[in-house]
Amino acid sequence: MSTYPQRVADNILPLSISNTLPEAFKEWYFTENVEDHEDANQDCGLCNHEELRYLFEIKNQQTQHTLWVGSSCILKFQLRVFDKNKYLTPKFAFVVFWRLTSNRIDHTPSFFKVNLRKNKYKKDLASMETSRVHMIWPALTSSQRQLAIEYGHTEPDKK
């Protein structure tokens, strides 16, 4: 069984010009392409980590090769992430990946259930922006929806 550094080297060095990992990583950047596979059944093209839901495309600026990898590898190896043609620090890159994945969360009832048994959760629902309530509306039971309406929220428009 190969070690983690060996798997990474085996996957990236043949697609790079450089012969060492630190130099090879400098050739790669995040392309802003993201795939949501809805189920966590994908493998990272860099480290071979299994059971990923989201894959992010990285590209070698010199060889034009691409790999689909997990966001953790992009952050761990500090591959370049740009925003408006500006290189982001690893901390800001983390925020970008968090936003990319959190905005794509499946809000259907099959994905999660809403628990409003505690008073704190009911207060949270009451104070929540209506647009946020609309995001979770499909996961609410009929009695939870009625409670949301009693708190002043409206039912989302039917599309």
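Reckoned from all heavy atoms, side chains included, excluding hydrogens, waters and symmetry mates. For reference, positions follow the sequence shown, starting with 1.
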Is [Y] reachable from [X] through a run of hydrophobic residues whose side-chain heavy atoms are each under 4.5 Å from the next?
X	Y	answer
Leu75	Leu55	no
Phe25	Val69	yes
Ile58	Ile17	no
Trp68	Leu13	no
Val114	Leu125	yes

Taking the side chain as everything from C-beta on, heavy atoms only, tell me whether [X] gets closer than 4.5 Å to [Y].
X	Y	result
Tyr151	Met128	no
Arg53	Asp39	no
Lys59	Gln64	yes
Asp43	Leu52	no
Glu35	Tyr54	no

Would you give the length of the straight line joining atom [atom1] of [X] to atom [atom2] of [Y], rounded to the nearest 0.5 angstrom?
X	Y	atom1	atom2	result
Asn60	His65	CG	NE2	7.5 Å
Glu150	Arg145	CD	CZ	14.5 Å
Glu57	Leu67	CD	CG	9.0 Å

Atom CD of residue position Gln62 - does it have more than 12 heavy atoms of other residues, nucleotides or ligands inside 6.0 Å?
yes
Would you please name every residue forming a side chain to side chain contact (heavy atoms under 4.5 Å, CB included) with Ser127, sequence neighbours left out?
none
Ring geometry between Trp137 and His134 (parallel below 30°, tilted from 30 to 60°, perpendicular above 60°)
perpendicular
Would Trp28 and Ile12 satisfy side-chain contact (heavy atoms from CB on, under 4.5 Å), going step by step from the backbone distance to the final call?
CA-CA 10 Å; Trp28 293 81; Ile12 203 166; 3.4 Å; yes
Closest non-hydrogen atoms of Val133 and Ala148, given as atom of the first, atom of the second and distance, are CG1-CB, 4.3 Å
Answer with yes or no whether the side chains of Ser18 and Ser16 bring together a donor and an acceptor at under 3.5 Å.
no
